[in-house]
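Notes follow once the structure below has been shown.
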Amino acid sequence: MPTGESTAGMDTTILAIRRPGPGSARGGDVKRVVAELALPAGALLGEGPSWDEASQRLLWVDILAGEVHSFDPVSGDDTSFPVGQHVSAAVPRSAGGLMLAVRDGFALLENGRLTIVADLSEPGIRMNDGKCAPDGAFWAGTMAYDKSPGRGTLYRMSPEADVTVQLAGVTISNGLAWSADGRIFYYVDTPTRRVDAFDVDPATNRLSRRRPLVEIGPGGGNPDGVTIDHDGALWVAMARGGQVRRYTPDGILDAVVEVPTPLVTSCCFGGAAGDELFITTARDGAAEPAGEHAGALFCCRPGSTGPPATPCAGP
Ligand code: CA
């Protein structure tokens, strides 16, 4: 799974439940979708999915296994490459190869060779989630292995490989997304239990006017990876919550994807039509027993479409 036939049959189950969803500010209809198993990957910490439009494959990583994966949802083929250290995000690169966020910084994976492009290594710290902005700059943030508060940093690497600090003092730098015009940046520092929005200065790329878009109430898990759809709504993976939630650009919960394992880590849109939502999960840290689906890839067609990954413009 899934073949071309089975993806055609991958009808999502939509249950119209008329009741306020968790975190919904105003209540109302919340669409419910059930994700289906796409690949029983058994990842320790599946993460960092991005849809590579050129190859029509899903790039994803197993952070703790130190592996970059490339998954073809049509044939079901999944290939992996060990990079020799923890790797937390993988994006296509315009000039070929992949750009990675690895433990020690930004790295290029090309022709089977890993080259550190920007060494940001610090003792006890590793890179975490990363993604390219609409201008092709690669942003990724860090966290302490022991999750010490405030030890993380969000970095931006320009196409010329100049690295700037976008935010300091973060704890678990996680999901990132941009509005289509690049003027609004959405960000999750997981312990804040919020998705924050910032204005992005188009000339300097500096962030300003931080404000909460979504505040996650108690229970239901912790906000982790995010992606944005063509309507500007955010899809937020809920670690320990077994869900991906859709929030409108106004911060209203209006859809929930149920995932049959609790450690839901990240998601992205992909597929030839951009209408498939791919979801990564983890088994590391799961309550025992982790269950057969922990660490698997999941997929659904939730009724929205989203853009493929923006390739890294350089270096
Ligand atoms: Ca994450």
Side-chain angles (χ1 to χ4, degrees), residues 25 48-54 59 89-95 99 101 106 129-141 154-167 170 173-189 192 194-215 223 225-237 244-255 266-278 302-315:
S50 64
W51 181 255
D52 181 1
E53 188 172 34
L59 303 172
V91 296
R93 174 171 170 264
S94 298
M99 194 62 76
F106 295 110
D129 208 345
K131 194 175 285 181
C132 285
D135 66 354
F138 191 16
W139 297 42
L154 176 67
Y155 296 101
R156 172 184 185 269
M157 181 174 68
S158 76
E160 295 77 32
D162 296 323
V163 176
T164 52
V165 172
Q166 299 298 105
L167 285 173
V170 303
S173 187
N174 248 320
L176 319 87
W178 290 263
S179 60
D181 63 6
R183 295 295 187 96
I184 302 174
F185 173 62
Y186 299 100
Y187 183 61
V188 172
D189 180 0
T192 65
R194 299 192 310 266
V195 181
D196 286 344
F198 298 75
D199 290 349
V200 183
D201 184 315
T204 64
N205 293 293
R206 296 214 176 273
L207 301 176
S208 64
R209 217 168 68 82
R210 184 174 191 163
R211 64 272 187 193
L213 178 75
V214 174
E215 299 190 64
V226 302
T227 198
I228 193 164
D229 67 25
H230 281 134
D231 297 317
L234 292 165
W235 297 75
V236 183
V244 177
R245 299 181 182 177
R246 182 183 195 263
Y247 292 93
T248 68
D250 299 323
I252 305 301
L253 178 73
D254 73 349
S266 192
C267 58
C268 73
F269 282 94
D275 63 347
E276 296 174 70
L277 185 71
F278 293 98
S304 299
T305 61
T310 301
C312 184

Using a 3.5 Å distance criterion without hydrogens, assess whether the side chain of Asp231 forms a donor-acceptor pair with backbone atoms of Ala233. no
Is the closest side-chain heavy-atom distance between Tyr187 and Val170 below 4.5 Å? yes
Arg211 side chain reached by Asp199 side chain, heavy atoms, under 4.5 Å: yes
Do the charged groups of Asp201 and Arg206 touch, with an N to O distance under 4.0 Å? no
Tell me if a side-chain donor or acceptor on Ser50 pairs with a main-chain N or O of Ala90 at a distance below 3.5 Å. yes
Euclidean distance, Tyr247 OH relative to Ile252 CD1, rounded to 0.5 Å: 10.0 Å
Whether Lys131 side chain and Trp178 backbone form a donor-acceptor pair below 3.5 Å: no
Do Pro92 and Glu53 have side chains that get closer than 4.5 Å, going by heavy atoms? no
What do the steps show when you test Asn205 against Asp135 for side chain to side chain contact (heavy atoms under 4.5 Å, CB included), and what is the final call? CA-CA 10 Å; Asn205 293 293; Asp135 66 354; 3.8 Å; yes
Note, Thr227 side chain near Leu277 side chain (heavy atom, < 4.5 Å): yes
Are any of the side-chain heavy atoms of Arg246 and Pro302 separated by less than 4.5 Å? no
Please report the shortest heavy-atom distance between Ile228 and Ser179, naming the atom on each side. CD1-CA, 4.0 Å
Should His230 and Pro307 count as side-chain neighbours, where that means a heavy-atom distance under 4.5 Å? yes
Does the side chain of Leu213 come within less than 4.5 Å of Leu234's, by heavy atoms? yes
Taking the inter-plane angle between the rings of Phe185 and Phe198 on a 0 to 90° scale, is it parallel (under 30°), tilted (30 to 60°) or perpendicular (over 60°)? tilted
Is Thr164 close to Gln166 at the side-chain level, that is, under 4.5 Å between some pair of heavy atoms? yes
For side chain to side chain contact (heavy atoms under 4.5 Å, CB included), just list the numbers for Tyr155 and Ser173, CA-CA rounded to whole Å, side-chain angles, deciding distance to a tenth of an Å, and then say yes or no. CA-CA 10 Å; Tyr155 296 101; Ser173 187; over 6 Å; no
To the closest 0.5 Å, what do you measure between CZ (Arg245) and CG (Asp254)? 12.5 Å
Parallel, tilted or perpendicular: which one describes the rings of Phe106 and Phe138, with boundaries at 30° and 60°? tilted
Separation of Cys267 SG from Glu276 CD (nearest 0.5 Å): 14.0 Å
Between Leu207 and Val200, is the side chain to side chain contact (heavy atoms under 4.5 Å, CB included) condition met? List the steps. CA-CA 5 Å; Leu207 301 176; Val200 183; 3.8 Å; yes
CG (Leu167) and CZ (Arg210) are apart, to the nearest 0.5 Å, by 5.5 Å
